[in-house]
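Reviewing the structure listed below.
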Amino acid sequence: MTFENRIAWRLSLLLALSLTVLVALLLTMDRRHLKDTRSQWVQAETEAAARRVNALIERAAATAVAMAHTIEEQRRSGRADRELANVVVRAGLQSNPTLIGASTAWEPNAFDGRDAEFVNADERHDETGRLIPYWYRSSSGVITADKLVDYEKPGDGDWYLVPRQTRRQLVADPYVYPVEGKPVLMTTVSQPILEGGRFVGLTTVDLPLTDVSAQLAQQRLLDSGYFVLLTAAAMVVAHPQTKFNGKNAEQAGMPAVVVEAVRAGRAKTAAAEGHLWAVVPVALAQSDQRWAMVGVVPLAEVNREAKRATITGVAVGAVVLAAVIGTLIVLLRRTVLRPLGGDPREVVAHIQ
């Protein structure tokens with residue numbers, strides 16, 4: 001090899017190794033940063049989805065609270081009128097189109113002391129005579145009245161029994177209830193009415209969750225990511241694939257690390273089973289309960305930008321390396337070989 005080729009080869013090898021190490025370090029750091037940024041973005045989008053659901057529950061709960069305050073104020077001012085209480089409940093349902101039903105239920109003789117006068121008096125009273133009207137919205141939008149049932153039955157009547165025991169607002173776990181012959185997944189928000197710390201009654205609103213599921217199905221994380229809403233017990237409330245609604249998280253294909261975070265009520269971001277999972281607790285109005293919003297994105301999509309940056313970095317590094325080597329060879333010829341007159345070995349031989 002000529003002197004020029006030897007120098008060019010050695011410089012090229014040294015520069016190639018140096019730039020390769022430098023580019024590798026920079027790309028590794030950049031790739032990690034991009035992944036962290038994407039994970040933070042997924043977490044932030046999941047938090048935003050959680051806030052939207054919380055706002056929906058808050059609006060429903062606010063209707064129940066307003067009804068409770070209005071009816072209780074009527075009682076305290078000496079206007080404990082059952083028809084007036086029915087007007088308040090009906091107006092509450094009418095004011096919030098997202099609701100499917102609303103009611104008020106009272107302990108025996110707690111409302112006006114006249115339960116005996118209203119035993120089976122109409123379709124809004126049963127054999128106890130208690131104030132228990134239930135107003136509901138039909139599929140055609142017509143609001144109709146009926147009476148509550150099973151309010152003293154454990155399990156079916158937990159929407160009444162639990163607030164009576166805890167004296168706190170309750171957002172019931174989702175359940176399927178037939179509406180006009182069709183099963184509807186819904187939740188009930190119960191607002192207790194207290195008198196001197198004693199439970200005397202409550203107001204409730206029923207919120208169908210089919211709209212929540214439809215809204216979540218329309219929201220996307222990147223290209224194919226999605227959101228899932230779960231209860232604290234890891235039961236699916238809303239899923240883009242509605243067949244999973246009402247099922248547990250394991251049946252919906254969620255990994256153990258995600259299910260554990262949901263049941264523990266803590267935020268978490270984890271990569272598992274080829275996906276990035278972001279868990280965000282969802283506060284439920286003024287109750288002590290928490291649901292969870294889970295954002296799911298395929299890792300291939302999360303890493304796509306990092307891969308693109310890697311390819312770009314390698315291409316730029318190769319171009320820079322070629323330009324540096326070419327520049328050095330030109331400088332070598334001009335500043336070393338041209339003054340010498342040729343290969344140093346030929347110069348030495350000529351002088352000798």
Side-chain angles (χ1 to χ4, degrees), residues 36 38-62 64-65 154-155 158-159 161-176 185-192 204-209 211-213 215-217 219 221 225-241 244-273 275-297:
D36 290 343
R38 274 302 189 195
S39 296
Q40 292 169 6
W41 180 83
V42 170
Q43 183 80 11
E45 288 296 305
T46 306
E47 290 173 356
R51 287 193 295 271
R52 289 192 289 270
V53 170
N54 179 49
L56 182 66
I57 301 293
E58 282 277 8
R59 286 196 296 271
V65 171
D158 284 352
W159 57 267
L161 300 176
V162 173
R164 181 171 73 180
Q165 179 183 1
T166 63
R167 295 172 173 76
R168 293 188 61 86
Q169 187 183 91
L170 172 73
V171 180
D173 280 346
Y175 58 93
V176 176
L185 186 69
M186 65 174 67
T187 183
T188 296
V189 181
S190 301
Q191 177 61 37
T204 73
V205 293
D206 292 337
L207 177 67
L209 297 170
D211 291 342
V212 178
S213 184
Q215 290 173 12
L216 289 181
Q219 300 172 25
L221 280 169
Y226 56 91
F227 296 107
V228 181
L229 181 63
L230 301 103
T231 67
M235 186 184 84
V236 177
V237 177
H239 193 290
Q241 298 183 48
F244 293 123
N245 291 347
K247 304 292 181 62
N248 60 50
E250 290 86 354
Q251 290 173 312
M254 293 191 174
V257 64
V258 173
V259 176
E260 181 183 350
V262 169
R263 289 178 174 153
R266 68 173 184 269
K268 186 176 184 65
T269 303
E273 298 182 3
H275 290 77
L276 178 67
W277 307 79
V279 181
V280 175
V282 180
L284 298 181
Q286 304 305 312
S287 70
D288 293 331
Q289 299 148 274
R290 294 288 184 274
W291 286 356
M293 182 67 71
V294 177
V296 188
V297 186

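These figures come from a predicted structure and were not determined experimentally. Values below: every heavy atom of this structure, side chains too, minus hydrogens, waters and symmetry copies.
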Please tabulate, one pair per line, all N/O donor-acceptor pairs under 3.5 Å involving side-chain atoms of residues 45-60, not counting sequence neighbours.
unit_1 : atom_1 : unit_2 : atom_2 : d
Thr46  : OG1    : Val42  : O      : 2.8
Arg52  : NH2    : Gln219 : OE1    : 2.7

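Between the side chain of Thr188 and the backbone N or O of Asp206, no donor-acceptor pair lies under 3.5 Å. The closest donor-acceptor contact from the side chain of Asn245 to the backbone of His239 lies under 3.5 Å.
Between atom OG1 of residue Thr166 and atom CG of residue Asp288 there is a gap of 8.0 Å, rounded to the nearest 0.5 Å. Distance check: Thr231 OG1 to Asp173 CG gives 5.0 Å after rounding to the nearest 0.5 Å. Separating the CG atom in Asp158 from the OH atom in Tyr175 is a distance of 11.0 Å, to the nearest 0.5 Å. With rounding to the nearest 0.5 angstrom, the CD atom of Gln191 is 11.0 Å from the OG1 atom of Thr204.
Between Thr269 and Leu276, the closest side-chain pair of non-hydrogen atoms falls below 4.5 Å. Counting heavy atoms from C-beta on, the side chains of Trp41 and Val297 never come closer than 4.5 Å. Side chains of Leu216 and Met293 form a contact here, defined as non-hydrogen atoms less than 4.5 Å apart. Side-chain contact check for Leu230 versus Met254: some heavy-atom pair is nearer than 4.5 Å. Counting heavy atoms from C-beta on, the side chains of Phe244 and Val228 never come closer than 4.5 Å. Between Lys268 and Trp277, the closest side-chain pair of non-hydrogen atoms is not below 4.5 Å. Between Gln43 and Val280 the shortest side-chain heavy-atom distance falls below 4.5 Å.
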Practice problem: Evaluate the side chain to side chain contact (heavy atoms under 4.5 Å, CB included) criterion for residues Glu260 and Arg266: first the C-alpha distance (whole Å), next the side-chain angles of each, then the deciding distance (0.1 Å), finally the verdict. | Solution: CA-CA 9 Å; Glu260 181 183 350; Arg266 68 173 184 269; 3.7 Å; yes

Quiz prompt | Worked verdict on Gln289 versus Leu170 for side chain to side chain contact (heavy atoms under 4.5 Å, CB included) | solution = CA-CA 8 Å; Gln289 299 148 274; Leu170 172 73; 3.6 Å; yes

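Considering all non-hydrogen atoms of both residues, Arg167 and Arg164 come closest at NH1-O, 3.8 Å. When all heavy atoms are compared, the tightest approach of Gly253 to Glu273 is O-OE1, 3.8 Å. A pairwise comparison of heavy atoms in Ala285 and Ala61 identifies CB-CB, 3.6 Å as the closest pair. What you find for Val259 and Ala249 is that their closest heavy atoms are CG2-CB, 3.7 Å. For Val189 against Ala64, the heavy-atom pair with the smallest separation is O-CB, 4.3 Å. Between Ala292 and Val282, the shortest heavy-atom contact is C-CG2, 3.9 Å.
For Gln165, the CD atom is loosely surrounded, since the number of other residues' heavy atoms within 6.0 Å does not exceed 12.
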